[in-house]
Amino acid sequence: MHRTPLWEWERELGGRMGEFAGWSLPIQFAGIVEEHRAVRRAAGLFDVSHMGKIAVRGRQAAELLDYAATNRLAGAEVGQAVYTPFCNADGGVIDDAVIYRRGEGSFLVVVNAANTGKDFLHLRRLAERFEAEVEDETGRWGQVALQGPEAEAILEELTEAPVHSVGSYRFLDGVTVAGVSALVSRTGYTGEDGFELYADAGRIERLARALLEAGRGRGLVPAGLGARDTLRFEACLPLYGQELNEGVNPLEARLQRFVKLEKEDFLGREALLRASRQGLRRHLVGLRMVERGVARHGYEVLRDGRKAGVVTSGSYAPTLEANLALALIEGEAPAPGEHFQVVIRGRPVEAEVVKLPFYRRPKAAR
């Protein structure tokens with residue numbers, strides 16, 4: 001099983017380790033709910049070094065990625081990050097990624113750990129049509145996510161760089177943080193303000209230790225994959241393998257704003273255009289459990305006793321103190337207030353449709 005550069009340190013911190021996508025990672029430290037609430041209230045530090053990092057360089061690197069991405073990349077500036085699905089020819093989602101434009105012909109593509117090999121081969125095959133080189137750099141990088149309303153103040157204690165001026169989905173490259181050169185990006189996957197920091201794998205522990213030490217007085221805690229999942233779930237950020245897979249297109253998964261059908265061409269465009277014109281077969285909706293019970297991934301959803309869909313993610317939501325679920329429902333898009341039943345341990349449990357996202361951080365904290 002793979003280990004990140006922070007593995008030994010995380011065990012020293014009391015991390016309870018588990019397997020995820022072939023990596024040994026901390027699931028929790030003090031507890032999932034406690035870490036979740038610390039991120040919403042103050043800040044949490046996550047090890048996300050397992051995420052895949054693929055470098056794409058060359059004269060036509062932008063054209064290659066613009067063809068692979070459903071979002072628009074060609075107009076992105078140096079220092080800008082772009083979230084996008086990658087689709088196959090049928091419009092199914094191969095993966096979702098964040099693409100960092102580091103130079104005119106230099107990009108870093110950050111992908112889901114479980115899909116790194118698949119994405120690398122996919123981009124390398126596409127590169128045969130472009131003047132571009134594709135390299136898997138996952139082993140070269142360490143990555144931590146500093147998330148929460150105190151993230152900016154904590155980071156400012158360790159760098160002279162103007163991190164306060166970094167906008168959403170913008171980044172600074174080659175910034176010195178606690179004596180370590182890092183790429184500092186205002187991104188994350190928790191629904192909170194925060195940063196992701198990328199540094200050489202051999203230097204990331206020094207950076208992580210400094211962040212945790214600087215942030216303890218502000219409520220920063222180490223956080224594991226368990227809290228990362230409940231946080232992204234509350235914010236309704238899709239997870240590959242649950243809301244997204246090659247059998248689901250990004251329109252069904254509520255990612256319309258990341259699909260630029262007006263682009264001249266991209267892989268999957270024709271299939272997505274067709275789906276858009278004909279009407280979607282499925283819709284991702286939010287459910288609140290009316291009766292007692294926690295819905296989980298894969299549970300069947302019924303409408304009037306007949307199968308209507310499946311739960312993609314479900315959990316107790318600590319911030320909202322409710323049992324919630326995301327589900328793909330066949331047919332017409334259900335309206336808020338419409339009732340379904342989720343089959344939990346063989347028993348239909350009442351649930352109602354609610355508006356998404358479940359959680360949106362307060363405007364004052366934006």
Side-chain angles (χ1 to χ4, degrees), residues 1-5 19-25 47-71 73-74 76 80-145 171 173 183 185 187 189 196 198-202 204 225 238-250 255 258 265-269:
M1 195 181 304
H2 301 296
R3 295 178 180 179
T4 77
E19 189 271 342
F20 177 79
W23 292 79
S24 176
L25 292 161
D47 177 8
V48 281
S49 301
H50 61 296
M51 301 289 287
K53 285 93 177 170
I54 300 172
V56 181
R57 302 184 184 91
R59 192 179 70 82
Q60 291 188 305
E63 287 85 347
L64 160 62
L65 290 170
D66 210 37
Y67 179 69
T70 65
N71 205 345
L73 188 72
Q80 185 175 350
V82 176
Y83 171 84
T84 184
F86 289 148
C87 285
N88 58 33
D90 296 327
V93 179
I94 293 174
D95 202 1
D96 61 335
V98 176
I99 302 175
Y100 295 85
R101 187 163 202 162
R102 306 184 71 193
E104 286 304 318
S106 178
F107 298 83
L108 182 66
V109 183
V110 179
V111 301
N112 287 288
N115 293 335
T116 303
K118 179 178 73 170
D119 293 335
F120 172 65
L121 293 175
H122 173 64
L123 292 174
R124 198 167 67 170
R125 276 195 294 270
L126 293 182
E128 293 172 0
R129 300 169 48 181
F130 299 87
E131 288 184 37
E133 295 180 355
V134 179
E135 184 179 0
D136 184 352
E137 293 190 344
T138 304
R140 288 180 52 187
W141 294 88
Q143 179 186 355
V144 292
F171 67 93
D173 214 344
L183 186 157
S185 169
T187 52
Y189 223 60
E196 292 178 293
Y198 301 78
D200 183 271
I204 195 70
L225 286 181
L239 182 65
Y240 197 86
Q242 295 187 202
E243 283 72 42
L244 303 175
N245 61 59
E246 295 202 35
V248 175
N249 75 50
L255 296 178
F258 304 109
D265 194 19
F266 63 83
L267 189 56
R269 178 176 180 272

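Keep in mind it's a predicted model, so treat the numbers as computed, not measured.
Ring pair Tyr198/Phe171: centre-to-centre distance not below 6.0 Å.
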Legend entry - Derivation of the salt bridge (Lys or Arg N to Asp or Glu O under 4.0 Å) call for Arg102 and Glu137: CA-CA 15 Å; Arg102 306 184 71 193; Glu137 293 190 344; 5.2 Å; no
Inset, instruction - Under the salt bridge (Lys or Arg N to Asp or Glu O under 4.0 Å) rule, what do Glu63 and Arg129 come out as? Steps first, then yes or no, please. - result: CA-CA 10 Å; Glu63 287 85 347; Arg129 300 169 48 181; over 6 Å; no
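The backbone N or O of Val93 lies less than 3.5 Å from a partner atom in the side chain of Tyr240, making a donor-acceptor pair. One N or O on the side chain of Gln60 and one on the backbone of Glu131 form a donor-acceptor pair closer than 3.5 Å. Judged by distance alone, the side chain of Ser24 and the main-chain N or O of Arg3 form no donor-acceptor pair under 3.5 Å. Of the possible polar contacts, one joining the Asn88 side chain to the Gly91 backbone as a donor-acceptor pair under 3.5 Å is found. No donor-acceptor pair under 3.5 Å is formed between the side chain of Arg125 and the backbone N or O of Glu128.
In this structure, Glu133 places its CD atom where only 12 or fewer heavy-atom neighbours from other residues, nucleotides or ligands lie under 6.0 Å away.
Atom CG of Leu126 sits about 6.5 Å away from atom CG of Leu267, to the nearest 0.5 Å.
Just one of Leu255, Asp96, Val82, Asp66 meets the side chain to side chain contact (heavy atoms under 4.5 Å, CB included) condition when paired with Asn71; it is Val82.
Put simply, the side chain of Ile204 does not reach to within 4.5 Å of the side chain of Asp47, judged on heavy atoms. Counting heavy atoms from C-beta outward, Leu73 and Phe107 have side chains that approach closer than 4.5 Å. Considering only heavy atoms from C-beta on, Lys118 comes within 4.5 Å of Ile94 through its side chain.
Classification of Arg124 and Glu135 as a salt-bridged pair fails, no side-chain N sitting under 4.0 Å from a carboxylate O. In summary, Lys53 and Glu196 do not engage in a salt bridge, as defined by a charged side-chain N under 4.0 Å from a carboxylate O.
Between Phe130 and Tyr67, the angle of the ring planes lies from 30° to 60°, which puts this pair in the tilted group.
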